[in-house]
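Heads up, the thing below is written out as structure tokens.
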Amino acid sequence: MKKYILTLDEGTTSARAIVFDQYGNVISLAQNEFTQIYPAPSFVEHDPIEILSAQYSAITECIIKSGIKPEEISCVGITNQRETVVVWNKLTGEPIYNAIVWQCRRTAPLCEKLKSLGLEEYIANTTGLKIDAYFSATKIKWILDNVTGAREAANRGELLFGTIDTWLMWKLSNGKIYATDQTNASRTMLYDIHNLCWDKKLLDIFDIPESMLPTVKKSGSIYGKIDIMGAQLTVCGVAGDQQSALFGQHCVNKGDVKNTYGTGCFLLMNTGNTAVKSQNELLTTIAATTEKQAVEYALEGSVFIGGAVIQWLRDELNLIENAAESEACANSVEDSAGVYIVPAFAGLGAPYWDMYAKGTICGLTRGAGKNHIIRAALESIAYQTNDLITAMQNDAGVTVKSLKADGGAARNRFLMQFQADISNTNVICPNNSEATALGAALLAGITAGIIDQKNTCINSTAMTFTPNMSEAKRQKSLQGWNRAIKSTISFTKEEKL
Ligand code: ADP
């Protein structure tokens with residue numbers, strides 16, 4: 001009986017492989033880190049060959065650990081870091097440059113130029129994105145413009161572009177699969193999210209030949225066979241990491257929201273079949289769906305410094321020894337004693353978008369101590385998430401009734417309760433914290449027919465946090481946060497002038 005699902009979870013710092021059974025239980029897991037390459041300030045690269053070997057050895061280790069034979073695997077799901085670009089030569093199979101990672105800012109000047117040409121409106125309307133170095137298009141152009149002979153080879157039809165999902169499938173299928181899914185395509189800044197095709201005008205603007213772009217499929221569909229330990233396994237599900245987590249958290253109905261509390265936070269709301277255009281600088285993106293479903297969309301916002309503020313307490317301030325300790329510290333005081341931390345260490349994202357902002361601590365008094373600061377740091381993660389929830393509610397015209405939480409910092413019960421209180425919503429933590437990998441596994445399992453899409457037992461709720469703060473206190477706390485944001489922005493404003 002083929003009842004297992006192999007999932008490749010290729011992240012920014014490591015490649016993981018997980019074998020799930022058909023009920024979504026993790027049977028085994030293996031993980032390999034790979035090198036982060038920083039060739040210049042704000043340049044970030046990965047070696048695509050190293051990613052491939054890290055991924056492949058995680059797969060073999062995971063299958064061996066699971067005790068099952070590759071032949072018992074029904075299907076494969078893939079989820080991956082989004083936007084990161086690989087360009088390779090299809091004749092040799094060799095990358096012509098390192099992968100340019102989503103975090104890399106090298107194309108920021110090109111983005112400024114695109115803005116000055118007045119392309120913001122067209123790009124937002126077509127792709128749902130803001131012009132930013134984050135997305136794939138300017139990275140592909142950079143490779144074509146800067147690698148010797150690349151432009152000529154591209155014009156001869158010899159080069160292929162792919163996000164990491166595409167690269168892995170192409171290599172593991174010996175060049176037979178050249179495809180990506182709609183969620184990954186929607187992060188390239190080249191894909192028309194309404195007409196579901198590569199946009200010719202954008203390809204002209206970026207001077208990218210269409211011959212170097214993969215076929216785009218539904219997230220849950222049959223991609224083809226890859227060779228794993230001598231067995232031919234069928235890839236049946238592919239999704240970018242955040243959309244995969246949205247699916248893995250069962251946020252499949254309009255208005256469903258998940259937040260991943262990692263180093264940063266990624267909040268996504270399913271908006272059903274409508275691509276909602278944000279009035280609050282959020283992104284519009286495609287959500288993962290299966291072959292039988294019509295296309296669905298999501299609104300997306302991110303908090304740059306989420307769990308990272310806890311790392312800062314640990315590594316820079318030495319206030320705690322490990323992240324988990326922050327929970328007891330926060331609970332040891334009644335409140336933050338009026339202290340607010342705005343951790344704008346990397347500027348402020350949606351809905352403020354102030355790339356010059358720097359962090360602040362407001363409201364200090366003589367009585368403010370270590371535990372108040374720790375509590376304020378945890379609260380800042382919830383306040384920033386709440387700002388995104390508010391923006392999404394305004395954009396989508398729906399009220400968020402519950403928030404599904406995952407990621408490392410979602411283990412912090414103080415944070416989850418404070419989130420429920422400050423957002424006046426239920427916060428739901430699932431049993432399976434591997435929501436990202438589970439999403440790809442579900443997409444694959446549903447497509448292969450071994451999982452019923454309506455099976456709600458998978459990833460059932462482990463804990464629900466319900467709001468327990470008076471409305472007066474909530475409003476007062478939010479007013480304090482808003483004042484702290486205002487002073488953070490005005491602190492750097494004068495520096496800019
Ligand atoms: P990523 O995938 O971004 O690497 P993870 O989902 O592994 O992140 O989460 C790691 C982040 O979560 C770190 O920034 C860490 O500080 C934070 N974190 C982990 N455990 C806790 C905890 N118990 N309380 C608060 N923050 C935590």
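Heads up: numbering here begins at 1 and tracks the sequence. Remember, it's 1-based here, ligands and their atoms both numbered in the order they're listed. All figures in this text were calculated on a predicted structure; none of them were measured in a lab.
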Exercise for the section: List the closest protein heavy-atom neighbour of atom 11 (C) of ligand 1: residue, atom name, distance to the nearest 0.1 Å. Expected result: G262 C, 3.9 Å

Practice task
Compare every heavy atom of Y340 with every heavy atom of A484, then report the nearest pair and how far apart it is.
Solution key: CB-CB, 3.8 Å

Problem - Close-contact set for ligand 1 against S326 heavy atoms, below 4.0 Å - result: 24 (N), 25 (C)

Exercise for the section: Would you mind checking which non-hydrogen protein atom is closest to atom 12 (O) of ligand 1, with the distance to 0.1 Å? Expected result: A409 N, 3.4 Å

Exercise for the section: Look up atom 3 (O) of ligand 1 and tell me if a protein heavy atom lies less than 4.0 Å from it? Expected result: yes

Problem - Short N or O distance, L378 and ligand 1, threshold 3.5 Å exclusive - result: no

Practice task
Identify, for atom 21 (C) of ligand 1, the protein heavy atom at the shortest distance, and state residue, atom and that distance.
Solution key: A323 CB, 3.6 Å

Fill in the blank from the handout: Numbered in order shown, the ligand 1 atoms found under 4.0 Å of a heavy atom of G407 are 6 (O)

Practice task
Identify the protein heavy atom lying closest to atom 1 (P) of ligand 1, giving its residue, its atom name and the separation to 0.1 Å.
Solution key: T263 OG1, 3.5 Å

Handout entry: Short side-chain donor-acceptor distance under 3.5 Å, W167 and N80
Key = no

Practice task
Please could you name the atoms of ligand 1 that R411 approaches to less than 4.0 Å, counting only its heavy atoms?
Solution key: 19 (C), 20 (N)

Exercise for the section: Considering only NZ, NE, NH1 and NH2 on the basic side and carboxylate oxygens on the acidic side, decide whether D165 and R82 come within less than 4.0 Å. Expected result: no

Practice task
Scan T163, L190, N184 and name whichever one has a side-chain contact (heavy atoms from CB on, under 4.5 Å) with S136.
Solution key: T163

Problem - Residue pair D241 / T436, side-chain donor-acceptor N/O under 3.5 Å - result: no

Practice task
Could you find the nearest protein heavy atom to atom 25 (C) of ligand 1 and give me its residue, atom name and distance?
Solution key: N412 ND2, 3.5 Å

Exercise for the section: Starting from atom 23 (N) of ligand 1, find the nearest protein heavy-atom neighbour and note its residue, name and distance. Expected result: A324 CA, 3.4 Å

Exercise for the section: Give a yes/no verdict on a cation-pi contact between K358 and F491, requiring under 6.0 Å between NZ or CZ and the six-membered ring centre and an angle within 45° of the axis. Expected result: no

Practice task
Without swapping roles, check the side chain of Q384 against the backbone of F304 for a donor-acceptor pair under 3.5 Å.
Solution key: no

Handout entry: E50 backbone acceptor or donor facing S53 side chain under 3.5 Å
Key = yes

Fill in the blank from the handout: The option among G307, G408, A435 carrying the non-hydrogen atom nearest to atom 19 (C) of ligand 1 is G408

